[in-house]
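Down below is the structure, laid out as structure tokens.
All residue numbers in this chain count up from 1 along the given sequence.
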Amino acid sequence: MASGSADGNATLKRCLGVLRDARNDSEQLAALLLVTKAVRAGEVDAKTRRQIFDAIGFTFPNRLLSSRQPPAGCPEHTFRALGLTLLACFCTDPELAGHSQILNKIPIFNDILVSPCDPDSASMIDDVYQCLSAVMATARGPRELVTKGTVSALCQAYVNCSYGSDRALALLLGLLAVAEAKCWQRDAPHLLAVLSKLSGDFLRAEDMTKFELCDILPHFIPLSPPLTEDSQGCECLHRLYTGLADILGSKLSQSQRDPALKLAACLVQACGSEWIPAGSAGSKFLALLVNLACVEVRLTLEEPDPVEAEGKKEVVTACYVLMEMGIQECLREEKPLLEEVQKMQLMRIMEEAFGAVMFYLRQVKQEELQDPFIFASVRILGAWMAEETSALKQEICELLPFLVRYAKKLFKEGSTAASLPQPELVSTEGSGLPQDALRFLLPGFCHLTAEDRPRDILISEGAPALLCEYFLQQWEVLTTEPGSLAPLTSAEMSLQTACGIFLNLVVTAPDLIRQDKTFSSLMDMLLKSLPLLLPQKDHLVLAANIATLGLMMARLLASSAVLQGTQSAKEFFRAAIRFLSEAHTAQADPGSDGLAVAVSPAYVHAWADVRELWFLGMQALAGCVPLFPGLPHAVLEARWLEGLSELLTRVAPASVDFELVAAFQGVLVELVGASKACRDALLAHRGGEWANLYGMAALEQCLSEP
């Protein structure tokens with residue numbers, strides 16, 4: 001073997017000498033034919049390759065590629081084939097593969113891939129794939145390939161079953177792995193054509209090819225735009241559903257089941273449960289899918305040392321995705337895919353699987369905390385805790401110290417974790433954001449802080465202080481990220497849920513709010529954020545949370561420096577009064593010729609989420625009036641009393657329910673008791689009359705006292 005290689009290099013050196021001494025193109029071409037023949041005949045070492053480049057450079061291959069006249073008696077593509085062979089030789093040098101003279105040939109490579117192929121073209125196509133593979137391995141290569149149209153060319157080569165189509169597929173997989181979003185953005189129709197072919201092959205396959213395709217298909221399922229928006233995409237999804245139903249309904253080995261579960265999880269991430277048809281067959285398939293996922297999780301995580309099952313982490317992570325879909329489908333009320341009996345059965349099965357997840361997390365060692373699989377396990381447990389708090393209560397309480405410490409570690413360190421197999425379980429492409437465990441634990445914590453034992457554990461582990469810091473950080477994210485204060489983001493959802501936790505603590509642990517200094521920092525931020533947030537019409541729910549939480553905390557922290565006559569406190573109370581005062585209006589009553597009280601148009605879209613907070617805010621404002629002497633003046637300045645008087649005198653009393661009457665009366669009684677100016681303003685607007693009309697006995701009495 002060594003002797004053959006030495007002979008090849010000797011031949012090349014002679015050819016290079018001829019090239020250097022050539023007096024015209026004919027002599028140079030003859031020498032070049034010998035060079036390319038030697039290159040194709042065997043391996044060429046790196047030093048000799050470089051000598052070839054130094055002797056020829058890019059100029060001569062460029063001329064060959066652009067020449068349209070082959071020598072007499074030679075095939076049409078002779079020059080182009082020679083040029084490509086030289087470029088393929090050069091590309092084996094990584095430095096040359098990333099050279100601009102190679103990158104600017106990408107359109108030529110693409111053209112060759114999509115041109116009709118004859119037997120004489122095979123070696124050219126081999127050289128093109130060698131060049132493209134080499135370019136792909138460079139730093140700039142993938143971006144250049146995507147922007148210069150290679151994805152489209154590779155898709156066409158694969159769909160048309162052209163020579164080398166298996167290499168086209170391999171290159172497509174590589175490009176999608178590093179630039180999925182950009183590929184779909186530029187070449188969605190061509191990628192969809194590939195998915196159509198793959199899904200058709202998947203449906204028809206009756207051998208191991210079916211399971212091999214389970215590994216390939218996830219790379220061609222985009223998260224955005226959803227396949228359900230396109231008729232061809234919907235057809236692909238139906239084929240994949242039918243193929244998976246066929247696989248998972250059969251007796252499988254583990255090596256066959258695992259890729260099928262991963263493909264199903266990928267479809268769930270891309271399309272939710274929309275790819276599963278309604279009806280008996282679809283509901284049975286969905287139940288089977290979740291059942292298999294739960295069994296897989298238990299089999300893996302209930303092992304004495306589950307960490308040893310390193311190779312299983314990817315499939316268990318996929319099973320977590322399927323379990324999360326199971327939770328959502330069990331809770332779904334509109335057009336459910338599952339029947340009630342199926343829901344009850346699945347909830348029991350999932351409860352056992354979550355017991356296994358907690359068993360696994362209890363064994364996690366400190367040095368393993370950076371493992372992305374730990375994050376995936378915490379995340380899915382958070383999804384369960386958010387919806388199902390009655391089951392496994394004892395186990396959850398035992399695990400809470402670990403969950404708080406884990407979330408605190410990630411938050412404090414801002415650790416960037418390695419990519420997980422499933423895109424939904426990791427930060428988005430290229431963002432490099434730290435993993436946010438708290439985001440997924442907040443809903444569960446919100447339920448748990450309403451109960452004595454878990455709340456005591458959370459407090460003893462320092463969760464409230466951590467949540468205050470997290471709240472401040474998420475507000476920063478919301479207001480500084482691109483398109484800040486745009487429609488709902490994960491940061492805004494986290495802020496809303498954190499407000500729910502703090503509201504629970506205000507009611508159940510008021511001494512904690514008074515004593516923990518971090519709540520003074522939180523109060524300061526609430527004061528400053530509400531005036532910024534309230535004018536943003538898309539953020540009414542968050543504004544309602546912050547207004548209500550701020551008013552309730554203000555009752556407990558009235559003596560705090562941040563609330564003692566500061567400008568931010570004045571602006572907060574003005575904004576809170578605006579939020580409360582503008583929630584109701586008079587509108588035509590369909591049942592009569594008169595007017596009825598109604599939710600203001602700006603509040604209607606969010607009223608289901610805001611209503612309870614509004615009533616709580618009214619109670620909190622009433623409690624604040626005796627504690628903050630400036631509040632009555634702020635109410636007068638907002639002309640709320642005049643507006644409320646006008647509203648209640650114009651509408652039919654029957655249209656104002658008792659709860660609303662009680663809310664208005666609670667605030668008005670406190671204002672009248674604290675401020676002669678407020679009393680006078682109400683009397684000037686016939687307050688005594690409408691207080692009597694609406695049965696506001698306490699207010700009527702306050703107004704009648706001298």
Side-chain angles (χ1 to χ4, degrees), residues 320 323-333 343-344 346-348 350-355 357-358 361-362 375 377-408 411 436-468 470-471 474 488 490-510 512-513 519 522 541-542 544-546 548-549 552-553 608-613 615-616:
Y320 287 165
M323 286 165 61
E324 187 166 358
M325 176 188 67
I327 295 170
Q328 292 164 354
E329 290 302 321
C330 285
L331 296 168
R332 184 164 151 185
E333 294 177 0
K343 289 181 180 181
M344 291 171 62
L346 276 187
M347 288 302 279
R348 282 197 298 272
M350 285 194 288
E351 187 177 325
E352 293 172 350
F354 280 105
V357 173
M358 286 188 268
L361 288 174
R362 281 197 296 273
F375 181 83
S377 302
V378 169
R379 180 192 186 280
I380 189 62
L381 183 60
W384 173 258
M385 290 163 56
E387 306 298 347
E388 179 53 66
T389 53
S390 58
L392 302 169
K393 186 63 61 64
Q394 173 68 25
E395 291 86 345
I396 287 171
C397 284
E398 289 173 5
L399 196 61
L400 275 179
F402 165 80
L403 293 176
V404 174
R405 289 196 290 270
Y406 177 72
K408 186 183 295 185
F411 177 70
D436 186 355
L438 273 171
R439 171 187 163 198
F440 301 108
L441 291 171
L442 285 177
F445 284 180
C446 195
H447 292 312
L448 294 170
T449 47
E451 301 180 32
D452 293 342
R453 186 175 172 226
R455 181 177 61 252
D456 290 344
I457 295 171
L458 287 169
I459 290 172
S460 67
E461 291 294 331
L466 170 63
L467 291 171
C468 284
Y470 181 74
F471 192 94
Q474 288 295 293
L488 204 59
S490 64
E492 184 167 0
M493 284 296 295
S494 293
L495 289 166
Q496 289 179 22
T497 312
C499 283
I501 295 173
F502 296 137
L503 284 169
N504 285 343
L505 294 174
V506 166
V507 173
T508 60
L512 174 73
I513 308 295
F519 283 99
L522 177 63
V541 177
L542 181 57
N545 273 280
I546 287 178
T548 303
L549 176 61
M552 292 187 72
M553 284 180 60
D609 297 312
V610 166
R611 182 183 182 279
E612 192 176 338
L613 291 165
F615 281 104
L616 203 53

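In terms of the side chain to side chain donor-acceptor pair (under 3.5 Å) criterion, Thr548 has no residue partners (sequence neighbours excluded). For Glu395, the side-chain contact (heavy atoms from CB on, under 4.5 Å) criterion is met by Met358, Arg362, Leu392, not counting sequence neighbours.
For the pair Leu467/Leu458, no side-chain contact is recorded, criterion being any heavy-atom separation below 4.5 Å from C-beta on. Put simply, the side chain of Leu448 reaches to within 4.5 Å of the side chain of Ile396, judged on heavy atoms. The closest side-chain heavy-atom distance from Met344 to Met347 is not below 4.5 Å. The side-chain heavy atoms of Asn545 and Asp609, taken from C-beta on, include no pair separated by under 4.5 Å. Put simply, the side chain of Glu387 does not reach to within 4.5 Å of the side chain of Cys330, judged on heavy atoms. Taking the side chain as every heavy atom from C-beta outward, Met553 and Leu522 approach each other to under 4.5 Å. Phe502 places none of its side-chain heavy atoms less than 4.5 Å from the side chain of Met552. Residues Leu346 and Glu329 are not in side-chain contact: their nearest non-hydrogen atoms beyond the backbone lie 4.5 Å or more apart.
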Using the side chain to side chain contact (heavy atoms under 4.5 Å, CB included) rule, take Arg379 and Tyr320 through it: C-alpha gap first, then chi angles, then the decisive distance, then the call.
CA-CA 9 Å; Arg379 180 192 186 280; Tyr320 287 165; over 6 Å; no
Could you go through Phe440 and Val378, starting from their C-alpha distance and side-chain angles, then the distance that decides it, and tell me whether this counts as side chain to side chain contact (heavy atoms under 4.5 Å, CB included)?
CA-CA 8 Å; Phe440 301 108; Val378 169; over 6 Å; no
Apply side chain to side chain contact (heavy atoms under 4.5 Å, CB included) to Asn504 and Arg455, showing your working.
CA-CA 9 Å; Asn504 285 343; Arg455 181 177 61 252; over 6 Å; no
Could you go through the side chain to side chain contact (heavy atoms under 4.5 Å, CB included) check for Lys393 and Glu451 one step at a time?
CA-CA 11 Å; Lys393 186 63 61 64; Glu451 301 180 32; 2.9 Å; yes
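Rounded to the nearest 0.5 Å, atoms CG (Leu616) and CZ (Arg611) are 12.0 Å apart. Interatomic distance, Phe354 CZ to Leu381 CG, rounded to the nearest 0.5 Å: 7.0 Å. The distance from the CG atom of Leu442 to the SG atom of Cys446 is 8.5 Å, given to the nearest 0.5 Å. With rounding to the nearest 0.5 Å, the separation of OG1 in Thr449 from CD1 in Ile457 is 12.5 Å. A distance of 5.5 Å separates CG of Leu403 from CZ of Phe445, quoted to the nearest 0.5 Å. Atom-to-atom distance recorded for Glu492:CD and Leu542:CG is 5.0 Å, nearest 0.5 angstrom.
No salt bridge links Glu351 with Arg348; every basic N to acidic carboxylate O contact stays at or beyond 4.0 Å.
Contact between Phe519 and Leu505 at its shortest, heavy atoms only, is CZ-CD1, 4.3 Å. Closest non-hydrogen pair, Ser494 versus Arg439, comes out as OG-CG, 3.7 Å. Taking every heavy atom of both residues into account, Leu512 and Pro464 meet most closely at CD2-CG, 3.7 Å. Across all their heavy atoms, Ser377 and Val357 have their closest contact at O-CG1, 3.8 Å. Looking at every heavy atom in both residues, Gly382 comes nearest to Leu441 through CA-CD2, 4.2 Å. Closest non-hydrogen pair, Glu461 versus Pro401, comes out as OE2-CB, 3.4 Å.
Residue Glu398 places its CD atom among more than 12 non-hydrogen atoms of other residues, nucleotides or ligands, all under 6.0 Å distant.
Taking the six-membered ring where the residue is Trp, Tyr470 and Phe411 present perpendicular rings, their angle passing 60° and hence far from 30°.
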